[in-house]
Amino acid sequence: MISFEPTEKQLAMQEHFRRLAVERLQTRSMQIDAAIPAGVDADYLAVIAEENLNAFLIPEAYGGRPLDRMSLAILFEELGAGCAGFAAVYAQTFHGIAALLIGGSEEQKKRFFPLLLPPGGHVASFCVTEEKSGSNTSSFSTFFNRKGRFFILRGEKNPVINAGHGRFYVVWANEEGTKNRSGISTFLIPEKTEGLRFGPYHDKPGFRPAPTATVHLENVCIPIDNMIGPAGSGYLLLMQTLDWGRALSAAIAVGLARAAIEEVIRFAKQRVILKRPIIRNQSIAFLLADLVTELEAARALVWRACRLIDIGKDHTVASSMAKLYASELAVRATTEGLLILGQSGYRRPSLMEKLHRDAQAFRIAEGTSHVQKLIISGQL
Ligand SMILES: Cc1cc2nc3c(=O)[nH]c(=O)nc-3n(C[C@H](O)[C@H](O)[C@H](O)COP(=O)(O)OP(=O)(O)OC[C@H]3O[C@@H](n4cnc5c(N)ncnc54)[C@H](O)[C@@H]3O)c2cc1C
């Protein structure tokens, strides 16, 4: 039996980050959303530094003060309610850290984890997707080959959150001449490495505060010590990293859905038509009843997946279920939200309109909803 009752400590943390989301993220997120895409916002990097957010992801031995997954789920939900884009910037750093935690050597952890700790707010990037391989990660067109004590990498990763800002880039590539899973390895590429170039920031509809761009690897040369795990272990490491990441991506989607549902409830209580608030219409009241019920269900799926990770049990399907359900709920909550808010939501700037654009990204990033169904149905 899994207990989902948050502890006093978790509740205090939740309250702290709920306030931070309102005070530091919500208003800023609307401003960044309306601006031309640029890099990671300076105010957001300041939040990462001041709150020492990356320390929550890093073991004590390397300077962190780590949280368990359940606590991280609570944290990510609050950040997602404040600004899904900010939470995505942080989540990508988590992916980089996760790959190192799972497959990295002691020496790599000592070298790379401190780069993410204050002073300063820092991020990392997770580089998997290519123009021709998004859902299919069984081979890549980014290639590596060994030259003495070095690996040379060439190819392109696109889209990549935090591109141009990462202290390091975790990159998946196939060994030259291979075209299958067993030829995939994972590499740590420090910022400012020669041959590492970035394209212009994409102008995308949602997640605008999470800047994405193409990462170009032009004969990037790194020491052989920068390969994570043994040669050929990259595919398994990617699957394990994604299994962790999806549970937390789902937590962000829960936060976004909650923000949307709270906004709809507020509006439905205030908007008076024919002398009564519209929430008194059963069609709207029942819809809200469905949404708050689904929100609880989504959160329970997220917490279950996180708890399974914490206790070292198989969590692949649980993470996919959480990601699938929470992503679809985020889209549904904001779609219904736009209907209920009417013309006051269907304009710019409007929180609901922004949440709706952000929500769509959850169905695609870190494995589409189709891919989650493939994973779940594959276990039937
Ligand atoms: C906002 C955003 C940020 C991102 N950030 C990053 C990042 O930082 N790093 C990174 O590496 N990637 C990133 N991605 C990429 C993301 O992981 C991919 O977009 C995702 O994996 C899907 O790949 P694709 O877009 O190429 O779609 P495709 O793989 O081309 O799929 C196209 C369609 O076919 C469907 N499909 C594919 N295969 C199957 C199948 N077997 N059965 C049924 N349907 C199928 C898909 O569900 C989709 O609907 C980001 C994406 C977004 C939207």
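Counting convention: from 1, in listed order, for ligands and their atoms alike. Nothing here was measured: the structure is a model prediction, and the numbers come from that model.
In terms of polar-atom proximity, defined here as any N/O pair under 3.5 Å, P159 does make such a contact with ligand 1. Below 3.5 Å of separation, one finds no N or O of E130 facing any N or O of ligand 1. Checked against a 3.5 angstrom limit, the closest N/O atoms of F126 and ligand 1 fall inside it. Polar contact with ligand 1: absent for T212 (N/O pair, distance under 3.5 Å). For the pair S135 and ligand 1, the shortest N or O to N or O distance falls below 3.5 Å.
Atom 20 (C) of ligand 1 is approached by the protein to below 4.0 angstrom, counting heavy atoms only. Atom 32 (C) of ligand 1 lies below 4.0 Å from none of the non-hydrogen atoms of the protein. Within a 4.0 Å radius of atom 14 (N) of ligand 1, the protein contributes at least one heavy atom.
Checking K109, E106, R111 one by one against Y62, the side chain to side chain donor-acceptor pair (under 3.5 Å) holds for a single residue, E106. Remark: of the listed residues R357, R348, R28, K354, R357 is the sole one forming a side chain to side chain donor-acceptor pair (under 3.5 Å) with D33.
At the shortest separation from atom 39 (C) of ligand 1 among protein heavy atoms lies L374 CD1, 4.5 Å. Residue, atom and distance of the protein heavy atom nearest to atom 45 (C) of ligand 1 are H370 CB, 4.2 Å. Scanning the protein heavy atoms around atom 52 (C) of ligand 1, the nearest turns out to be A365 CB, 3.8 Å. Protein heavy atom closest to atom 16 (C) of ligand 1, with residue, atom name and distance, is T129 OG1, 3.7 Å.
Residues P59 and P66 come closest through the heavy atom pair CA-CG, 4.0 Å.
Atom numbering of ligand 1 starts at 1 in the shown order; those under 4.0 Å from a heavy atom of I161 are 3 (C), 5 (N), 7 (C), 8 (O). Every atom of ligand 1 with a heavy atom of G134 under 4.0 Å away is listed here by number and element: 21 (O), 23 (O), 24 (P), 26 (O), 29 (O). Less than 4.0 angstrom separates some heavy atom of Q92 from each of these atoms of ligand 1: 7 (C), 8 (O).
Residues satisfying the ring-ring contact (aromatic ring centres under 6.0 Å, His included) test with F187, not counting sequence neighbours, are F144, F151. Applying the side chain to side chain contact (heavy atoms under 4.5 Å, CB included) rule to D68 yields the partners Q10, M70, S71, D310; only residues at least two apart in sequence or on another chain are considered.
Using a 4.0 Å cutoff on heavy atoms, I364 counts as a contact of ligand 1.
Taking the ring axis of F140 as reference, the NZ or CZ atom of K157 stays within 45° of it and closer than 6.0 Å to the ring centre.
Contact annotation: for V128 versus ligand 1, heavy atoms closer than 4.0 Å belong to both the backbone and the side chain. The residue V371 has no part lying near ligand 1, judged by heavy-atom distances below 4.0 Å.
Outside the 6.0 Å centre-distance limit, the rings of F76 and F17 are not counted as a close aromatic pair.
With respect to R18 and E15, no salt bridge is recorded, no charged nitrogen being found less than 4.0 Å from a carboxylate O.
Side chain of R154 to backbone of E218: no donor-acceptor contact under 3.5 angstrom is found.
A donor atom on one side chain and an acceptor atom on the other are not found under 3.5 Å apart for R266 and Q270.
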